[in-house]
Amino acid sequence: MSEGLRYAYAVVRDTGTPEAALDALTALEGVRGVAGEPVRAVRHLGLAVLAGAVPAEDFDEGPLRRRLEDMAWLEDMARAHQRVVDTAGAESCVIPVRLATVCQGEEGLRRMLATGRERFASELDRLEGRVEWGVKAYAAPPPPQEPPAGAANGPDSPGASDSPGAPGASGASGAVSGRDYLRRRKAQRQAAERRWGDTEEEARLVHHTLSGLAERARLHPPQDPRLSGVSDRNVLNAAYLVRREDSAAFAERVGELAGRTPELRVKLTGPWAPYSFTDPHQTGDAGADR
C-alpha cells in the first residue's frame, strides 16, 4: 500500500535490520499517529522516515489548511505528533519532522529523504546519543503584605473622612500621615521591583550553570500565561542538548538549583527528542509535495 497521503513524523537511520527490528518502530508498537493510524518506516538511501497513512478529507492541502485554523484540532494533532516522536526517540536518535508535513504516497517520502539526505545524515551524526532537556523558571509574585501603618488614615482609605474631627481629616497630623502612607507605598513598589530583578538575575545564573553542563543551549521566548495557564512570570524558558549518559547528573543539578532560591520556581521537563536543535523550517519542506 504505497498510494495516498502519508504524514511524516521523524527521520532515523536505516540500520539494515528487518523493519520489525528497528528500535524506533519497536518502541512505537501500540502507539497511534495523528489520525489514529499505525506508524511504519519507509526506507531509502540509508535513512528511514517514520510515517503513517492519513485521510485526504482531513490532510489534503485544502482541508488541512482549514483544519489548522481549528485550535482544538491543531492541539490534538500536535500532541499526537509529539507522542510519536518522543516515543520513537526514547532509545534511539530521531530527527523530528516539521508538524503537518504530508507527502503524496511513499514515493513522496522517499523524495524527502533523497533531497535532505546530506542534512539528515549530518544531523543524525551530530545528535547521536543526545537528548533535549527543557528548563523553565518562574518568579512568583510577592506575597500580599499587611497594609502599612497609617494606611487607615491614607487619603484613599475607607475610613477617611472630611469631617474636622475624624482621623485622617485635613490638618497637620492628617497631612503627615498621608505623606507617610505614600512613602510606604513607594517603598513597597521599589521592593517588588528589586525582587523581580533578583529573580531574573538568579534565572540568568541558572541558565549559565546549566549551559556549562550541556553541549548546546537555546533560549526560547517567555511563555504567554494565556497559553500556558501559569500566572507566575516566566523568567527562563530554555532547552539544553545533553548526552544521554550525562542526563542523570544534569537532572540532579537542576534539582539543586531549584532549591537554592525560594522566590524562583524551577521546572525540568524531558528528556525529549532534540526539537530545539534541528531546523524545523527545513526538515520536511522538500517532501511536503502533493
Side-chain angles (χ1 to χ4, degrees), residues 1-68 73-74 76-128 272-275 278-290:
M1 185 174 66
S2 61
E3 298 304 316
L5 299 180
R6 296 292 182 272
Y7 185 103
Y9 296 95
V11 174
V12 300
R13 293 188 192 280
D14 181 2
T15 58
T17 58
E19 180 171 311
L22 277 175
D23 289 342
L25 281 182
T26 301
L28 286 171
E29 185 176 354
V31 177
R32 292 295 181 260
V34 296
E37 84 287 3
V39 178
R40 60 184 302 267
V42 175
R43 304 174 184 226
H44 192 50
L45 301 174
L47 300 170
V49 56
L50 305 179
V54 291
E57 56 264 31
D58 288 327
F59 290 90
D60 208 354
E61 189 170 2
L64 179 59
R65 188 180 300 112
R66 292 189 293 272
R67 280 289 207 173
L68 292 175
W73 188 88
L74 176 60
D76 288 343
M77 184 183 73
R79 290 182 184 279
H81 180 106
Q82 183 176 348
R83 181 171 59 248
V84 170
V85 174
D86 287 336
T87 303
E91 299 297 335
S92 57
C93 184
V94 303
I95 304 300
V97 172
R98 188 180 63 175
L99 185 71
T101 295
V102 180
C103 299
Q104 184 64 55
E106 293 185 2
E107 188 56 37
L109 293 172
R110 294 188 184 94
R111 207 159 30 244
M112 182 183 77
L113 292 177
T115 303
R117 181 186 181 187
E118 289 188 9
R119 180 171 48 79
F120 287 137
S122 175
E123 290 196 339
L124 284 167
D125 287 342
R126 178 172 58 85
L127 297 172
E128 181 68 47
W272 312 111
Y275 295 95
T278 59
D279 187 349
H281 298 292
Q282 294 185 23
T283 306
D285 279 356
D289 55 358
R290 301 289 173 176

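Numbering of residues begins at 1 and proceeds along the displayed sequence.
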Distance-minimising heavy-atom pair for [X] and [Y]:
{"X": "A8", "Y": "L109", "result": "CB-CD2, 4.0 Å"}
{"X": "V42", "Y": "L113", "result": "O-CD1, 3.7 Å"}
{"X": "A10", "Y": "V85", "result": "CB-CG2, 4.5 Å"}

Spacing of [atom1] belonging to [X] relative to [atom2] belonging to [Y], to within rounding of 0.5 Å:
{"X": "L124", "Y": "I95", "atom1": "CG", "atom2": "CD1", "answer": "4.5 Å"}
{"X": "Q82", "Y": "Y275", "atom1": "CD", "atom2": "OH", "answer": "4.5 Å"}
{"X": "C103", "Y": "R110", "atom1": "SG", "atom2": "CZ", "answer": "11.5 Å"}
{"X": "M77", "Y": "L68", "atom1": "CE", "atom2": "CG", "answer": "5.0 Å"}
{"X": "R6", "Y": "Q104", "atom1": "CZ", "atom2": "CD", "answer": "9.0 Å"}
{"X": "H44", "Y": "E107", "atom1": "NE2", "atom2": "CD", "answer": "7.0 Å"}

Legend entry - For A121, all residues meeting side chain to side chain contact (heavy atoms under 4.5 Å, CB included), sequence neighbours excluded: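 If we apply the side chain to side chain contact (heavy atoms under 4.5 Å, CB included) test to A121, skipping adjacent residues, there are no hits.
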Inset, instruction - State which residues pass side chain to side chain contact (heavy atoms under 4.5 Å, CB included) with A78; sequence neighbours excluded, sorted by chain then number. - result: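 For A78, the residues satisfying side chain to side chain contact (heavy atoms under 4.5 Å, CB included) (neighbours in sequence not counted) are L99.
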Using atom types as modelled, flag every donor-acceptor pair under 3.5 Å from a side chain in residues 46-53 to any protein atom, sequence neighbours excluded.
none

Less than 4.5 Å apart, any side-chain heavy atom of [X] and any of [Y]?
{"X": "P63", "Y": "E57", "result": "no"}
{"X": "F120", "Y": "T278", "result": "no"}
{"X": "R66", "Y": "W73", "result": "no"}
{"X": "V39", "Y": "V31", "result": "no"}

Inset, instruction - Indicate yes or no for a side-chain donor-acceptor contact from S122 to the backbone of E118 under 3.5 Å, with no hydrogens or angles considered. - result: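 Side chain of S122 to backbone of E118: no pair is present.
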Inset, instruction - Quick one: list whatever passes salt bridge (charged side-chain N to carboxylate O under 4.0 Å, His left out) with R117, sequence neighbours left out. - result: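 With sequence neighbours excluded, R117 shows a salt bridge (charged side-chain N to carboxylate O under 4.0 Å, His left out) to no residue whatsoever.
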Legend entry - Set of salt bridge (charged side-chain N to carboxylate O under 4.0 Å, His left out) partners for D58, sequence neighbours left out: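 D58: salt bridge (charged side-chain N to carboxylate O under 4.0 Å, His left out) contacts with R67.
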Inset, instruction - Determine which pairs satisfy ring pair (Phe, Tyr, Trp, His ring centres under 6.0 Å) with at least one residue from residues 79-111, sequence neighbours left out, and list them in order. - result: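 Listed once each, the pairs are Y7-H81, Y9-H81.
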Legend entry - Salt-bridge contact R13-D125 (side-chain N to carboxylate O under 4.0 Å):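 Salt bridge: yes.
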